[in-house]
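Below is one structure, written out as structure tokens, with a few remarks after it.
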Amino acid sequence: MVTWIINAKTLSMETGEMEIKHVRLENGLIAEWRDGSALPDTTRAELIDAKGKLISPGFIDMHVHLREPGFEYKETIASGTESAAKGGFTVIAPMPNTRPVMDTPETIHLVLDKAATEGVVRVLPYAAITKNELGRELTDFAALKEAGAIGFTDDGVGVQNAQMMKDAMTLAKSLDMPIIAHCEDDTLVEGAAVSEGAFARKHGLKGIPNESEAIHVGRDILLSEATGVHYHICHVSTEQSVRLIRLGKSVGVRVTSEVCPHHLLLSDEHIPDSMDANWKMNPPLRTPKDVEACIQGIEDGTIDIIVTDHAPHSEEEKARGMARAPFGIVGFETAFPLLYTKFVRTGRWSLEFLLRRMTSDPARVFGLPYGTMAVGAPADLILIDLENEREVDPAAFLTKGRNTPFTGWKLYGWPALTIVNGKVVWTEENGINR
Ligand code: DOR
Ligand code: ZN
Ligand code: ZN
């Protein structure tokens, strides 16, 4: 099967210039690039006219929640991967806090089998560090690796016991696998819903302190230094965490980290007084100073990659109010337009910088063969419309979740077409193609 995508705008990673090019896909791989001067012979090929839209490697999201098995009312592997495709993501890594928790080879197989039959993008699952994510007993890392897990994490909760984390790291290192950590010390959090900061003070709420994150970050960087494991920190949200990661990297610790669009764009001062739980996520929105530190962290490479932490919940759950609603917001269908509009169009970042943080950098950090448009690479490609402004409309989402704080935001940079393994899986005109 041969496909030609013609008239695609490409960003030269060397010069930063835009050039029109044509690309031939064959057998799921990128087969050939041609310069835009002459149209290739496209007889007998599937033809896609990009009409000057930007072509990019599909985005890679190393932190998502697909909710299946167990919470299918929030999301399924089908709906979650459809949402990912619409957001321009071609590779996603779901977290194991499902029901049952993905802590056995059987659950990993189940997720991989469902992804193969019902999913539309690549799904690379993580497995839990501890059984049922309870922090008491390690899972069978070797068997989980064998089953196809790409790393170990108890995301949703922190591993509270330092010896347990050290044992996990030692075992992961022996298997050449990464540990991915949700950093949160439970003893400092106790039931709070928002960050310690202006919003909590104004409303007389107990706040989640910044140290609850940074204490685990610091502890685990030391444990990573001791064990030599690749240690990856989830959703960095505080200035202290950025400072500690910078220090760890400066002395050669194998630490990498990620940040979410909402922690780069929103502080607790943006939370509306209505106490809308669509502004509740974990880690919470922190202070403006923390937001700026996270931006500087991604800019100087202290933070390596951008992820969404796509965390769908039902409308009923999110209607329970700030104190009782679950933590989390959806992310796939707004991530790139948000960052493109707020950081690239404003001139703070180059387009190349943003694309790298969502494509080649996650591939490098996790050793994946994606995130590249080189000849011979898997044909995971997207087209993006950089010109047209549109409003965020949760009613049009493909995710089952409607939980976003970005409703009504006017954004540029909307994905228009998504190709996975050489196959068009989603287009703006026709939606999902299975
Ligand atoms: O906001 C969050 N939602 N943070 C987490 O750590 C877990 C996630 C979820 O599973 O909903
Ligand atoms: Zn988390
Ligand atoms: Zn998460």
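Order of appearance sets the numbers: ligands from 1, and atoms from 1 within every ligand. These numbers were taken from a predicted model, which means no experiment stands behind them.
Ring centroid separation for the pair Tyr126 and Phe152 does not come in under the 6.0 Å cut-off. Here the two rings, on Phe336 and Phe59, have centers that are under 6.0 Å apart. If you look at His232 and Phe366, their ring centroids are closer than 6.0 Å.
Checked against a 3.5 angstrom limit, the closest N/O atoms of Gly328 and ligand 1 fall inside it. Taking only nitrogen or oxygen atoms, main chain and side chain alike, Met281 does not reach within less than 3.5 Å of ligand 1.
Atoms of ligand 1 lying under 4.0 Å from any heavy atom of Gly156, numbered from 1 in the order shown and given with element: 6 (O), 7 (C). If you number the atoms of ligand 1 from 1 as listed, the ones under 4.0 Å from a heavy atom of His313 come out as 11 (O).
One side chain, Thr76 or Ser79, offers a donor N or O that lies under 3.5 Å from an acceptor on the other.
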Residue pair His235, His63: steps toward the ring-ring contact (aromatic ring centres under 6.0 Å, His included) verdict: CA-CA 9 Å; His235 39 53; His63 188 145; 5.2 Å; yes
If you apply the rule salt bridge (Lys or Arg N to Asp or Glu O under 4.0 Å), what do you find for Glu82 with Lys86, and how did you get there? CA-CA 6 Å; Glu82 290 183 6; Lys86 189 176 176 191; over 6 Å; no
Evaluate Trp279 against Ile329 for side-chain contact (heavy atoms from CB on, under 4.5 Å), listing each step before the verdict. CA-CA 8 Å; Trp279 296 72; Ile329 62 171; over 6 Å; no
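Remark: among candidates Asp154, Val157, Asn282, Thr98, the nearest residue to atom 5 (C) of ligand 1 is Asn282, based on non-hydrogen atoms. In this structure, of Arg67, Lys74, His65, the residue bringing a heavy atom nearest to atom 11 (O) of ligand 1 is Arg67.
Around the Zn ion (ligand 3), the protein contributes the following N, O or S atoms under 2.8 Å, ordered by chain and number: His63 NE2, His65 NE2, Asp155 OD2, Asp309 OD1.
Contact annotation for His63 and ligand 1: no heavy atom of the residue comes within less than 4.0 Å of the ligand. Contacts between Ile329 and ligand 1, counted as non-hydrogen atom pairs separated by less than 4.0 Å, are absent for every part of the residue. Contacts of Met95 with ligand 1, taken as heavy-atom pairs under 4.0 Å, are absent altogether.
Looking at atom 3 (N) of ligand 1, its nearest protein heavy atom turns out to be Phe327 O, 3.2 Å. In this structure, the protein non-hydrogen atom closest to atom 6 (O) of ligand 1 is His182 CE1, 2.9 Å.
At a threshold of 4.5 Å between non-hydrogen side-chain atoms, the residues Tyr231 and Val253 do not count as touching.
Cation-pi geometry between Lys202 and Phe199 is not satisfied (NZ or CZ under 6.0 Å from the ring centre, within 45° of the ring normal). In this structure, Arg402 is not positioned above the aromatic face of Phe397 in the sense of NZ or CZ being under 6.0 Å from the six-membered ring centre and within 45° of the axis.
Note that CG of Asp61 is 8.5 Å distant from CG of Asp309, once rounded to the nearest 0.5 Å.
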